[in-house]
Amino acid sequence: MPASYAYLGPEGTFTEVALRTLPEAATRELIPYVSVQSALDAVRTGEAEAAFVPIENSVEGGITTTLDELVAGAPLMIYREVLLSITFALLVRPGTKLSDIKTVSAHPAAQPQVRNWLKKNLPDAHWESAASNADAARLVQEGQYDAAFAGEFAAARYGLEALETEIHDAENAQTRFVLVGRPARPAAPTGADKTSVVLWQRDDHPGGLRDLLGEFATRGINLMLLQSRPTGAGIGNYCFCVDAEGHISDRRVAEALMGLKRICLQVRYLGSYPRADMQPVEVQPPRLGTSDDEFVAAADWVARCQDGRF
Ligand SMILES: O=C(O)C(=O)Cc1ccccc1
């Protein structure tokens, strides 16, 4: 049996479409799971080699179920990311008219992307959350709901028709997906990489978050995501999910992680992987002293001082 990738199913999700854009997916068995949790569990138990799940969208931010799964439990690592532009179709059983629709369903992350359209076109329709957009389509096929927001491509799979297409409140809405596996040596740097970590503060004090962010700022590292998630230990207790430009093998990134390790209660490394947009990482101001060579030279100098060879 070939190694398998678990993904947020059932068949016909945006997740499946995004997964199939990865060359390595062609050589794996792709297995749909009913939820992000179950797909990631399959990785943790060794049932699947990796799982492919949505993690962030440009309209609403982080997909919290995915972030929370990565933050807690046995450590996992992000290997790859994919960006997909998203527009929704309104899928119904053949013959259904707009005026027949009393209930609509989709994944919760779809709601902020279709809210204005719904208000204008179906102001009285009742929203029912589904485990995924394709699952909403499946439930429409079964007769549980009247309409689903999903990819137009899901219509054929579930015997539905698209009453409307190209539904999107925000232009250029994109969703980011990640391939998650068990911890392993990160892939070699490409020059266009990002590094994901979760940070827990040691204590609550004024400027605490600034101290964490300062470890990146002083080394010229730009951030691409900062999302706080409750730790579950009471109101006001948060950890921070951070995506930073660069690879752990870049000296400035490694030094920032060392700085964070010293000042944080806990740091969870979630991986270094190529950016989907393949934009080369440019060191941000302060540029002075943030290149690999300068870190090496400075470390050499300290070693020579310690040796009395300066
Ligand atoms: O992949 C899907 O179809 C999902 O249900 C997740 C999702 C939700 C909203 C936008 C893109 C992907």
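Indexing begins at 1, ligand by ligand and atom by atom, following the structure's order. It should be emphasised that the depicted structure is a prediction, and the values quoted were computed from it without experimental measurement.
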For this session: Verify, without hydrogens or angle tests, whether Glu16 (side chain) and Glu11 (backbone) share a donor-acceptor contact under 3.5 angstrom.
Result: no
For this session: Return yes when atom CD of Glu152 has more than 12 non-hydrogen atoms of other residues, nucleotides or ligands closer than 6.0 Å, and no otherwise.
Result: no
Protein N/O near ligand 1 N/O, under 3.5 Å, which pairs?
unit_1	atom_1	unit_2	atom_2	d
ligand 1	1 (O)	Phe14	N	3.2
ligand 1	1 (O)	Thr15	N	2.9
ligand 1	1 (O)	Thr15	OG1	2.5
ligand 1	3 (O)	Phe14	N	2.9
ligand 1	3 (O)	Asn133	ND2	3.0
ligand 1	5 (O)	Asn133	N	2.9
ligand 1	5 (O)	Asn133	ND2	3.1

Exercise. Taking the hydrophobic residues Ile, Leu, Val, Met, Phe, Trp and Tyr, and joining any pair whose side-chain heavy atoms are under 4.5 Å apart, which ones share a cluster with Val302?
Worked result: Trp301
Exercise. Would Arg229 and Asp68 satisfy salt bridge (Lys or Arg N to Asp or Glu O under 4.0 Å), going step by step from the backbone distance to the final call?
Worked result: CA-CA 7 Å; Arg229 292 300 302 150; Asp68 291 349; 2.7 Å; yes
Exercise. Using a side-chain heavy atom cutoff under 4.5 Å and only I, L, V, M, F, W and Y, what cluster partners does Leu265 have?
Worked result: Leu8, Val36, Leu40, Val43, Val53, Ile55, Leu67, Leu70, Val71, Leu76, Ile78, Val178, Val180, Val198, Trp200, Leu270, Tyr273
Problem set entry | Sequence-distant partners of Phe52, ring-ring contact (aromatic ring centres under 6.0 Å, His included), two or more places apart | Phe177
